[in-house]
Amino acid sequence: MTAREHLIVGLDVPTLREAETIVDKLANDILFYKIGYQLAFAGGLEFARDLAASGKKIFLDMKLLDIDNTVASGVENIAKMGMSMLTLHAYPKAMLAAVEAARGSGLCLLGVTVLTSMDEQDLIDAGYEYDPHTLVLKRAEQAYIAGMGGIVCSAEEASAVRKIIGPDMALVTPGIRPAGADKGDQKRVMTPADALKAGSSHLVVARPIVKAPDPKEAARAILAEMDAALA
C-alpha cells in the first residue's frame, strides 16, 4: 500500500461546512477520513455516506459499547452505509456480537484498547487494575480471538500488539504528531515514520492537518514522511 492508503485524516471539526472545506482543500491527496462524535452529531453521518459514495474511505469512530443486540443492530446498519472501518470498545461480548453482525459486509471492525489520552493514573482513577500497556495487550488478544478486523492503540504499543495479532489485522494508531508538533491533550504520541516502523498499518492525524494554516501542505508533508518510512 502507498502512504495515501495508510493516512486517515480526522475531520474533528464542529460543522459540516468546515469538514467540506477541508475535504475540498485536500482533494485527491487524501483517500481516507475519520468521522467521530463531534461531526457525526452535526450532520456528519449523511456526510460520511456521501463521501463513501464518492469513492472515499470512511473510518466511523463511534466506539460502540452496549448490550449484544444493540451493538449488532448498530453494526448492521453502519455496514449498509458503505463505511470502511468502525470502532467499538474492545469488550469481548460486544466484539463477538459485532463480528457476527458484520460478517460478509467488508466492514473492518476495530477494537479500541486504551484511549491515547489516558495514562496509568487515569486508568487507576477509572477503577482498572492494569497499567495501559498491560490492558492494551489483554484487549488486543481478546480482539484477535473474537475475529475483529483490527485494533486501535497508541503507537507506543504497536510493536507489542503486532506480535499478538499477527501481520494481517489492521493496527490503527491515533495520537500521531509530526516532529515538533503540539501534543494537545494526547499523552502517548509518536511521529508518523516511527509509528509505521513500529507496526502500525494506518495512522490517524487530525489537528496537525485540519488546524494547519495550509492543510494540503501539512498533509503532503506527512505523506512524504510516511512514504520515506514505507520505502
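Computed over heavy atoms, backbone and side chain alike; hydrogens, waters and symmetry mates excluded.
Interatomic distance, CD1 of Ile222 versus CG of Asp227, reported as 12.5 Å (0.5 Å rounding). Atom CG of Leu110 sits about 10.5 Å away from atom OG of Ser84, to the nearest 0.5 Å. Within the model, atoms OG1 of Thr2 and CG of Leu7 stand 10.0 Å from one another, a figure rounded to the nearest 0.5 Å. Taken to the nearest 0.5 Å, the CD1 atom of Ile151 stands 11.0 Å off from the CG atom of Leu109. Atom-to-atom distance recorded for His6:NE2 and Leu31:CG is 11.5 Å, nearest 0.5 angstrom. Atom CG of Asp61 sits about 4.5 Å away from atom NZ of Lys34, to the nearest 0.5 Å.
Note on residues 100-110: pairs passing salt bridge (charged side-chain N to carboxylate O under 4.0 Å, His left out), not counting sequence neighbours, are Glu100-Arg103.
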Might you work through the side chain to side chain contact (heavy atoms under 4.5 Å, CB included) test for His89 and Leu64, ending with a clear yes or no?
CA-CA 6 Å; His89 283 289; Leu64 301 181; over 6 Å; no
Could you please spell out the steps behind the side-chain hydrogen bond (donor to acceptor under 3.5 Å, both in side chains) verdict for Asp24 and Thr21?
CA-CA 5 Å; Asp24 287 343; Thr21 298; 5.7 Å; no
Would you please test Val9 and Val205 for side chain to side chain contact (heavy atoms under 4.5 Å, CB included) and show each step?
CA-CA 5 Å; Val9 173; Val205 182; 5.8 Å; no
Side chain to side chain contact (heavy atoms under 4.5 Å, CB included), that's the test. Do Leu26 and Tyr33 meet it? Break it down for me.
CA-CA 11 Å; Leu26 297 176; Tyr33 289 97; 3.6 Å; yes
For a side chain to side chain contact (heavy atoms under 4.5 Å, CB included) check, start with the C-alpha distance between Val23 and Phe47, then their side-chain angles and the critical distance, and finish with the verdict.
CA-CA 11 Å; Val23 172; Phe47 184 55; 4.1 Å; yes
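Ring orientation note: the planes of Phe41 and Tyr37 are close to parallel, at an angle under 30° on the 30°/60° scale.
Under a 3.5 Å cut-off, the side chain of Thr113 and the backbone N or O of Val136 do not form any donor-acceptor pair. Between the side chain of Arg139 and the main chain of Ala143, no donor-acceptor pair closer than 3.5 Å is present. The main-chain N or O of Val13 is never found under 3.5 Å from a side-chain atom of Glu18 such that the two would form a donor-acceptor pair.
Partners of Glu120 under the side chain to side chain contact (heavy atoms under 4.5 Å, CB included) rule, at least two apart in sequence or in another chain, are Ile124, Asp131, Pro132.
Heavy-atom contacts from other residues, nucleotides or ligands closer than 6.0 Å to NZ of Lys56 number more than 12.
Salt bridge Asp29/Arg4: absent, no basic N to carboxylate O contact under 4.0 Å. With respect to the salt-bridge test (charged N to carboxylate O, under 4.0 angstrom), the residues Glu217 and Arg220 do not qualify.
Across Met81, Arg49, Met83, a single residue satisfies side chain to side chain contact (heavy atoms under 4.5 Å, CB included) together with Ile58, and that is Met83.
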